[in-house]
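Following: one structure in structure tokens, then a few remarks.
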Amino acid sequence: MTNLYSRIKYLANYLYMKIITDKSRAKFIITTSVIALILLLESPLSWNYYDVNYFVTWDYILKNYGIFHVYKYSTKVAYPPLSIFIFVSMYELALSFSTVSTALPMIRLFVKIPLIASIVAIAYILYRYYGWKSTKWLYLSYGLYSTVFGYQFDLITALGIVLTLIFIYRKKNYLLAGMSFSLSLLTKHLTIILIPLIFYDIYSNRKLRGILEFLMGLLIIGVPTTVPFLIYSFKEFIEKVLLFHSNRYPQDLSIYAIPVYYYAYVLHRINDIPSYLKWIWIPIFIAAYTITVTCILKKARISEECGYIRYAIILLLSILLNKIGNNPYYVWPLPLLAIIMAKYGEKKKLLKTAYIITPIISMFVYPFLTLFSAAVVNSGYFIVEDLKFYNAYMLYALSFVGSPNTFAIKFLELNREYLFSIYKLLYDNIWLVIAILTALYLSLLAYMIRYLTTLHKSTCTECCYIHKKARV
């Protein structure tokens with residue numbers, strides 16, 4: 001008994017010394033615990049019905065044909081294989097712990113656990129290597145929470161990017177860097193655009209050997225994850241993962257999507273949407289990407305801070321010029337932006353405003369003024385992926401369950417009763433609303449890119465760095 005008391009006393013003293021006396025550690029632990037708990041409590045209540053409705057079919061195919069046939073039999077699988085493994089494994093785990101009455105809330109809870117774990121992991125990495133201030137900036141972004149609410153894999157993508165850069169800059173372990181980057185590449189394959197920057201950083205430190213180690217790390221995860229799908233359904237894999245994105249029309253907050261919504265909502269001529277809108281973004285993006293990469297790597301100084309600025313620029317550029325203006329994409333550079341904001345955010349009020357407001361516009365204001373408005377007036381909501389209108393009320397209502405569903409419907413009915421004319425005005429001019437929000441969102445992204453580019457030029461290019469050092 002005395003021994004047990006001594007151990008408890010030792011543990012209490014340890015916690016006091018490590019947590020209570022260290023204010024930043026206490027802030028991190030308490031804030032992270034509260035946020036994780038709130039997200040876990042919210043998880044069973046909602047998700048984006050449209051997207052998850054397709055994800056659920058993956059489990060059906062798993063049980064009837066096998067997981068490696070998902071690309072063959074699923075109507076829509078626009079994701080690399082790791083996304084499938086993550087969703088299906090958590091879906092099955094949820095079923096094993098639930099009854100018929102609790103199945104849906106339990107599924108929603110379990111499938112979101114990897115997303116919440118990714119937030120905690122990213123926060124811990126930022127806190128450990130860059131301090132509480134960077135973690136605080138991370139938590140200030142609405143993008144983190146919205147991605148969990150709606151359910152998307154982008155938080156896992158962001159975690160993979162952060163881990164990759166930690167292993168490159170801090171650990172100099174390029175094998176683990178490659179394995180970490182596979183998390184990003186096998187959940188959202190557009191992150192392949194970071195490869196030139198990664199090769200540049202690795203080659204600068206360990207030449208060709210480092211690059212080979214990185215590629216080996218990619219293969220260790222990538223081969224067993226991807227090859228079985230290629231063996232069982234090679235054609236469908238290529239069509240649904242790669243060609244689907246090239247053949248789809250622009251959507252959401254993209255400058256290329258504005259004409260698409262004009263044809264859908266104003267002209268009511270969906271079948272007449274110009275096909276060149278599918279590919280016109282490609283030469284523009286390739287040119288801008290090539291010029292940007294060349295400029296930021298020319299005489300670039302190899303350092304951790306400068307590297308983060310470069311990666312953030314490229315990721316933001318990919319969002320700015322992408323034909324798919326999906327809201328969760330903003331999560332990819334978010335940890336890097338949080339690190340940068342911890343150092344420069346307080347000095348630049350406009351940068352601070354852009355950092356906070358950008359995800360709110362794309363992940364809250366945009367769906368509220370479009371989907372919710374359409375649901376209030378009981379009209380159709382245009383889904384570009386399918387080139388068809390869906391019942392907006394159905395999409396809205398089916399995204400909630402239990403008490404939140406009752407609250408969501410009541411909230412909608414109250415708005416319909418008292419503010420119907422306002423929402424009718426919004427819906428009647430929905431194309432203009434989308435155009436204005438797109439312009440605002442892209443302007444904020446462009447400002448952040450411009451600021452980071454100027455920052456990189458002044459602090460991270462060899463000539464400027466030497467000049468500043470000489471002046472000191």
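Ring centroids of Trp137 and Tyr355 are separated by less than 6.0 Å, placing the two rings close together. A centroid separation of less than 6.0 Å is found between the aromatic rings of Tyr73 and Tyr65. If you look at Phe167 and Tyr174, their ring centroids are not closer than 6.0 Å. For Phe55 and Phe153, the distance between ring centers is under 6.0 angstrom. Annotation: Tyr256 is not in aromatic contact with Trp281 [ring centroid separation under 6.0 Å not met]. A distance of 6.0 Å or more separates the ring centres of Tyr232 and Phe234. A ring-centre distance under 6.0 Å is found for Phe87 and Tyr91.
Side chain of Lys112 to backbone of Leu40: no donor-acceptor contact under 3.5 angstrom is found. A donor-acceptor pair under 3.5 Å links the side-chain atoms of Asn247 to the main chain of Leu243, judged by distance alone. Looking at Tyr145, its side chain does come within 3.5 Å of a backbone N or O of Tyr139 through a donor-acceptor pair. Lys323 places a side-chain N or O within 3.5 Å of a backbone atom of Lys278 that can act as its donor or acceptor partner. In terms of modelled atom types and a separation under 3.5 Å, the side chain of Thr225 and the main chain of Ile221 share a donor-acceptor contact. Judged by distance alone, with hydrogens and angles left aside, the side-chain atoms of Lys240 form a donor-acceptor pair with the main-chain N or O of Ser74 at under 3.5 Å. A donor-acceptor pair under 3.5 Å links the side-chain atoms of Asn48 to the main chain of Tyr50, judged by distance alone. Between the Ser43 side chain and the Leu109 main chain, no donor and acceptor come within less than 3.5 Å of each other. The main-chain N or O of Phe28 is never found under 3.5 Å from a side-chain atom of Thr31 such that the two would form a donor-acceptor pair. A distance-only check finds no donor-acceptor pair linking the side chain of His189 to the backbone of Ser184 [under 3.5 Å].
Residue-environment remark: CZ (Arg170) exceeds the threshold of 12 foreign heavy atoms within 6.0 Å. Open room surrounds OH on Tyr60; 12 or fewer heavy atoms of other groups in view lie less than 6.0 Å from it. Residue-environment remark: CD1 (Ile255) stays at or below the threshold of 12 foreign heavy atoms within 6.0 Å. Open room surrounds NZ on Lys349; 12 or fewer heavy atoms of other groups in view lie less than 6.0 Å from it.
Here the options are Tyr344, Tyr130, Tyr129, the test is ring pair (Phe, Tyr, Trp, His ring centres under 6.0 Å), and the partner is Tyr308; only Tyr130 passes. Shown are Trp58, Phe237, Tyr79, Phe85; of these, the ring pair (Phe, Tyr, Trp, His ring centres under 6.0 Å) with Phe229 is made only by Phe85.
In this structure, the separation between CG on Leu159 and OG on Ser180 is 8.0 Å, given to the nearest 0.5 Å. Put simply, CG on Leu315 and CG on Leu190 are 8.5 Å apart, with the number rounded to the nearest 0.5 Å. Atom CG of Leu185 and atom CG of Leu218 lie 6.5 Å apart (nearest 0.5 Å). With rounding to the nearest 0.5 angstrom, the CD atom of Glu213 is 13.0 Å from the CE atom of Met179. The CG atom of Asp51 sits 9.5 Å away from the OG atom of Ser399 when rounded to the nearest 0.5 Å. Distance OH/Tyr311 to CD1/Ile168: 4.5 Å, rounded to 0.5 Å.
Side-chain contact between Asn327 and Ser146 is absent, with no heavy-atom pair separated by less than 4.5 Å. Residues Arg248 and Val384 are not in side-chain contact: their nearest non-hydrogen atoms beyond the backbone lie 4.5 Å or more apart. Two residues are said to be in side-chain contact when any heavy atoms from C-beta on lie closer than 4.5 Å; Pro359 and Leu144 fail this criterion. The shortest side-chain heavy-atom distance between Thr157 and Val331 does not fall under the 4.5 Å cut-off. Tyr142 places none of its side-chain heavy atoms less than 4.5 Å from the side chain of Thr147. Using a 4.5 Å cut-off on side-chain heavy atoms (C-beta onward), Thr57 and Val70 make no contact. Between Arg310 and Val293, every side-chain heavy-atom pair lies at or beyond the 4.5 Å cut-off. The shortest distance between side-chain heavy atoms of Glu385 and Phe244 falls below 4.5 Å.
Shown here for Met90 and Val111, the closest heavy-atom pair between the two residues is CB-CA, 3.8 Å. When all heavy atoms are compared, the tightest approach of Pro367 to Ser362 is CD-O, 3.6 Å. Closest heavy-atom contact between Arg108 and Pro44: CD-O, 3.4 Å. The shortest heavy-atom contact between His245 and Val241 is CD2-O, 3.0 Å. Shortest non-hydrogen contact noted between Leu442 and Leu320 is O-CD1, 3.4 Å. Ser318 and Asn322 make their closest contact through O-CB, 2.9 Å (heavy atoms, listed as atom of the first residue, atom of the second, distance).
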May I have the step-by-step check of side chain to side chain contact (heavy atoms under 4.5 Å, CB included) for Glu92 and Leu62, ending in yes or no? CA-CA 10 Å; Glu92 283 295 308; Leu62 164 70; 4.0 Å; yes

Working for side chain to side chain contact (heavy atoms under 4.5 Å, CB included), residues Ile324 and Ser254: CA-CA 6 Å; Ile324 308 300; Ser254 166; over 6 Å; no

Run the ring pair (Phe, Tyr, Trp, His ring centres under 6.0 Å) check on Phe372 and Phe364 step by step: do they pass? CA-CA 10 Å; Phe372 185 74; Phe364 178 76; 9.5 Å; no

Can you check side chain to side chain contact (heavy atoms under 4.5 Å, CB included) on Ser33 and Ile29, steps first, answer last? CA-CA 6 Å; Ser33 300; Ile29 292 175; 4.1 Å; yes

Checking side chain to side chain contact (heavy atoms under 4.5 Å, CB included) for the pair Leu194/Thr164: CA distance, chi angles, key distance, verdict? CA-CA 11 Å; Leu194 297 178; Thr164 300; over 6 Å; no

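Between the side chains of Ser83 and Thr187, no donor N or O sits under 3.5 Å from an acceptor N or O. A donor-acceptor contact under 3.5 angstrom links the side chains of Gln251 and Asn326, judged on distance only. Checking Tyr441 against Tyr330 by side-chain atom types alone, no donor-acceptor pair falls below 3.5 Å. Side chains of Tyr366 and Asp252: a donor-acceptor N/O pair is present below 3.5 angstrom, by distance only. Between the side chains of Tyr169 and Glu305, no donor-acceptor pair of N or O atoms lies under 3.5 Å.
Both tests pass for Lys76 against the ring of Tyr54: distance under 6.0 Å to the centre and angle within 45° of the axis.
Between Trp279 and Tyr276, the ring-plane angle classifies as perpendicular under the 30° and 60° cut-offs.
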